[in-house]
Amino acid sequence: MLDAQTIAIVKSTIPAIAATGPKLTAHFYDRMFQHNPELKEIFNMSNQRNGDQREALFNAICAYATNIENLAVLLPAVEKIAQKHTSFSIKPEQYNIVGTHLLATIDELMSPGQEVLDAWGKAYGVLAQVFINREAEIYQEHASKRGGWEGTRAFRIVDKTPRSALITSIELEPVDGGAVADYRPGQYLAVWLKPDAFPHQEIRQYSLTRRPDGRSYRIAVKREDGGQVSNWLHRDARVGDVVQVAAPAGDFFLDATPETPVTLISAGVGQTPMLAMLDTLANNAHPAQVNWFHAALNGEVHAFADEVAALGAKLPRFTSHVWYQTPAEADREAVRFDSEGLMELASQQSAFSDPAMTFWLCGPVGFMQFAAQQLVALGVDRDRIHYECFGPHKVL
C-alpha cells in the first residue's frame with residue numbers, strides 16, 4: 001500500500017504530466033529502445049511508428065495517477081494489459097527496465113526533484129507488482145490446462161485458405177502432435193515470427209475463429225497496406241512452415257448462459273472473434289436469440305459469409321443482417337447483402353429489444369464508436385456492451 005504522502009505527491013504531478021502530452025511517452029520509448037534495444041524483439045514497432053502505443057501508454061499513466069487511491073477502478077485495464085503481456089511472455093525483470101526508463105524520462109523532461117521521483121518510484125513499484133502477480137496467475141493457468149504450455153510452442157501451418165480479397169485463414173497444429181489448450185471464444189493467439197527479412201522478431205495477436213477442438217487452432221489475417229507481418233503471412237507463409245505460438249489469451253470473450261440473448265456486431269476483419277462466438281453458440285444450439293450484424297465495404301472483401309449462414313442455420317432463433325457500404329453490381333445481382341450504406345441499427349431494434357440482450361462489438365475504433373452510440377441512443381445500457389480493439393486499447 002502507498003502512504004498518504006506518496007499519493008499526494010503523485011496526484012500533484014498530474015497537471016504537469018498531462019501538459020507534456022504523448023511527448024512524455026515518446027521520450028520514454030526512444031530512451032528505452034536506445035538503452036535496451038533487445039526490447040524491439042518484443043514490442044510491436046509498427047505501433048511505435050504510428051504513435052498508437054505511445055498514446056495508449058500516456059493514457060495509462062494519467063489514469064493510474066488519477067486513480068492511485070482506488071486501484072480497483074483500474075482492474076479491468078490491468079486484466080486487459082496483463083493478458084496481452086502474457087502473449088509477449090513478459091517477465092518480472094522487464095518491469096525493472098521499464099521503471100528505470102520511466103523515472104529517467106520524468107526526470108529528464110520535468111526535473112521535478114528527488115521527492116517526486118521517489119514517490120513515482122514507489123507508485124510504479126506497486127503497480128508493477130499488481131501486473132507481475134496477475135501475469136504469474138495467467139501463466140500458471142496456461143501451463144496447468146490440458147494441452148497448455150508456458151512461453152512459446154512450435155506449430156505447423158497445415159492449411160491456408162483465402163476467405164476474401166483481403167482475409168486469409170490459417171490453421172495451425174502443434175509440431176509435437178499433442179493436444180492444444182481450450183480457450184474462451186473471442187480470445188486471440190499470439191504468433192511469433194522472425195523470417196530472415198525481418199529486422200526484428202515480430203509478435204502479433206490474431207483472433208481464434210472457431211470453437212475449441214483440442215487439436216488445432218484457426219486464425220484469420222487481414223492483409224494490411226504496408227503491414228510487414230500480415231503481408232508476409234499472406235504472401236510468403238506456406239503450408240508446412242513452422243511458427244512459434246504463445247497460449248491463447250485475452251479478456252474479450254463470450255460469457256453467456258443459455259438464457260442470455262446475444263448480439264454480435266462487427267465490421268471487416270472485426271468479425272473474426274465473433275466467428276468463434278457464433279460457432280460456440282451454434283454448437284450448443286443456443287436457445288435464446290442470437291443476432292449477427294456485420295458491415296463490409298462490398299462482397300469482394302466480405303469473408304466467411306457461407307460459414308456464418310451455415311452456423312446460423314443451427315440456431316433456433318437467429319437473425320442476420322449485412323450492410324455493404326459501396327456494393328458492386330455483382331453484389332446486387334447475387335443478393336449478397338441486406339442493406340446499402342453504413343450500419344443503421346434502429347431498423348433492427350426489434351431483434352435486440354430484450355432488456356437482457358448482451359452485445360459484443362469488434363471492428364475499427366470509429367465503427368465501434370458509431371455502433372455503440374447508436375445502441376446507447378436506442379436505450380441499451382453501456383454495461384451490456386463489450387468490445388475489442390485490435391492493437392492498443394482505446395475507450396469508446
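Along the sequence shown, the residues carry numbers beginning at 1.
Here the side chain of Lys40 pairs no donor or acceptor atom with the backbone of His200 at under 3.5 angstrom. Side chain of Asn284 to main chain of Thr280: a donor-acceptor pair is present (N/O by atom type, distance under 3.5 Å, no hydrogens or angles). Side-chain atoms of Glu344 come within 3.5 Å of backbone N or O of Ala346 as a donor-acceptor pair. The main-chain N or O of Ala165 is found under 3.5 Å from a side-chain atom of Arg223 such that the two form a donor-acceptor pair. Glu224 contributes no side-chain N or O that, together with a main-chain N or O of Ser230, makes up a donor-acceptor pair within less than 3.5 Å. Looking at Lys145, its side chain does come within 3.5 Å of a backbone N or O of Asp182 through a donor-acceptor pair. Listed for the Asp241 side chain is no donor-acceptor partner under 3.5 Å among the backbone atoms of Ile157. Between the side chain of Trp360 and the backbone N or O of Phe253 there is at least one donor-acceptor pair closer than 3.5 Å. Arg211 places no side-chain N or O within 3.5 Å of a backbone atom of Pro185 that could act as its donor or acceptor partner. Without hydrogens or angle criteria, Tyr64 side chain to Leu74 main chain gives no donor-acceptor distance under 3.5 Å.
Looking only at atom types and distance, the side chain of Gln129 has a donor-acceptor partner in the side chain of Asn133 under 3.5 Å away. Arg163 and Ser169 share a donor-acceptor pair across their side chains, judged by distance under 3.5 Å alone. Side-chain N/O atoms of Gln373 and Gln369 include no donor and acceptor closer than 3.5 Å. Looking at Glu171 and Ser216, their side chains do bring a donor and an acceptor atom within 3.5 Å of each other. Side-chain contact of Thr260 with Thr257: a donor-acceptor pair under 3.5 Å is present, judged by distance alone.
Residue Tyr206 comes nearest to Val191 through the heavy atom pair CD1-CG2, 4.2 Å, listed as atom of the first residue, atom of the second, then distance. Between Gln289 and Ala351, the shortest heavy-atom distance links the atoms CG-O, 3.7 Å. Considering every non-hydrogen atom in both Thr86 and Ala249, the closest pair reads OG1-CB, 3.9 Å. Closest of all the heavy-atom pairs between Leu345 and Ala371 is CD1-O, 3.9 Å. Of all heavy-atom pairs between Pro327 and Asn298, the closest is CA-CB, 4.2 Å. Here the closest non-hydrogen pair linking Thr105 and Phe28 is OG1-CA, 3.3 Å.
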| request: Test Glu388 against Lys84 for salt bridge (Lys or Arg N to Asp or Glu O under 4.0 Å), laying out the working first. | output: CA-CA 12 Å; Glu388 170 88 318; Lys84 184 67 69 74; over 6 Å; no
| task | Output, in order, the C-alpha distance, side-chain angles, deciding distance and verdict of side chain to side chain contact (heavy atoms under 4.5 Å, CB included) for Val269 and Leu166. | result | CA-CA 9 Å; Val269 75; Leu166 293 178; over 6 Å; no
| field | Leu342/Gln325 under side chain to side chain contact (heavy atoms under 4.5 Å, CB included): CA gap, chis, key distance, verdict | value | CA-CA 6 Å; Leu342 300 179; Gln325 186 174 349; 3.9 Å; yes
| field | Asn283 vs Lys314, side chain to side chain contact (heavy atoms under 4.5 Å, CB included): CA-CA, chis, key distance, verdict | value | CA-CA 8 Å; Asn283 185 61; Lys314 298 178 181 179; over 6 Å; no
| query | side chain to side chain contact (heavy atoms under 4.5 Å, CB included) between Met32 and Leu39: does it pass, once the steps are laid out? | reply | CA-CA 8 Å; Met32 185 173 67; Leu39 295 181; 3.6 Å; yes
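Between His85 and Phe131, the angle of the ring planes lies from 30° to 60°, which puts this pair in the tilted group. A perpendicular orientation is assigned to the rings of Trp232 and Phe198, their planes being inclined by more than 60° (bins at 30° and 60°). Ring orientation note: the planes of Tyr124 and Tyr95 are tilted relative to one another, at an angle of 30° to 60°. Using bins of under 30°, 30° to 60° and over 60° for the plane-to-plane angle, the ring pair Tyr29/Phe33 lands in the parallel bin. Ring planes of Phe155 and Trp149: tilted class, angle from 30 to 60°.
To the nearest 0.5 angstrom, Asn96 atom CG is 11.0 Å from His101 atom NE2. Note that CG of Leu172 and CZ of Arg153 are 11.5 Å apart. Values are rounded to the nearest 0.5 Å. His386 contributes atom NE2, which lies 10.0 Å from atom CG of Leu361 (distance to the nearest 0.5 angstrom). With values rounded to the nearest 0.5 angstrom, Leu264 atom CG is found 10.5 Å from Phe359 atom CZ. Atom SG of Cys362 and atom OH of Tyr387 lie 11.5 Å apart (nearest 0.5 Å). Between Ile265 atom CD1 and Asn291 atom CG the span is 8.5 Å, to the nearest 0.5 Å.
Within a 6.0 Å sphere centred on CD of Glu79, heavy atoms belonging to other residues, nucleotides or ligands number more than 12. Residue Arg235 places its CZ atom among more than 12 non-hydrogen atoms of other residues, nucleotides or ligands, all under 6.0 Å distant. Remark: Asp255 CG is loosely packed, at most 12 non-hydrogen atoms of other residues, nucleotides or ligands lying under 6.0 Å away. Counting heavy atoms of neighbouring residues, nucleotides and ligands inside a 6.0 Å radius, atom CG of Asn70 exceeds 12 of them. The environment of Asp225 atom CG is sparse: at most 12 non-hydrogen atoms of other residues, nucleotides or ligands sit within 6.0 angstrom. Atom CZ of Arg336 is surrounded by more than 12 heavy atoms from other residues, nucleotides or ligands within 6.0 Å. Around the NZ atom of Lys194, the shell of radius 6.0 Å holds more than 12 heavy atoms that belong to other residues, nucleotides or ligands.
Both Val10 and Ile61 are assigned to one and the same hydrophobic cluster, defined by single-linkage of ILVMFWY side chains at heavy-atom distances under 4.5 Å. Hydrophobic clustering (ILVMFWY, side-chain heavy atoms < 4.5 Å, transitive): Phe252 and Val290 are in one cluster. When hydrophobic clusters are built by joining Ile, Leu, Val, Met, Phe, Trp and Tyr residues whose side-chain heavy atoms come closer than 4.5 Å, directly or via intermediates, Ile170 is not grouped with Val301. In the hydrophobic clustering of ILVMFWY residues, with side-chain heavy atoms under 4.5 Å counting as a link, Met277 and Phe318 come out together. Linking ILVMFWY side-chain heavy atoms closer than 4.5 Å, directly or via other members, places Met343 and Val322 in two distinct hydrophobic clusters.
A salt bridge links Arg218 and Glu307; the closest N-O separation between the charged side-chain nitrogens and carboxylate oxygens is under 4.0 Å. Residues Glu173 and Arg215 are not paired through a salt bridge, judged by the lack of any N-O separation under 4.0 Å between the basic side chain and the carboxylate.
Annotation: side chain of Val308 is in contact with side chain of Leu275 (closest heavy-atom distance under 4.5 Å). The shortest side-chain heavy-atom distance between Met110 and Ile17 falls under the 4.5 Å cut-off. No side-chain heavy atom of Thr272 sits less than 4.5 Å from a side-chain heavy atom of Tyr188. Here the side chains of Leu375 and Phe352 are in contact, with some heavy-atom distance below 4.5 Å.
Every pair passing salt bridge (Lys or Arg N to Asp or Glu O under 4.0 Å) that includes a residue from residues 99-112 is listed here, sequence neighbours excluded: Arg31-Glu108.
With sequence neighbours left out, Glu38 forms a salt bridge (Lys or Arg N to Asp or Glu O under 4.0 Å) with no residue at all.
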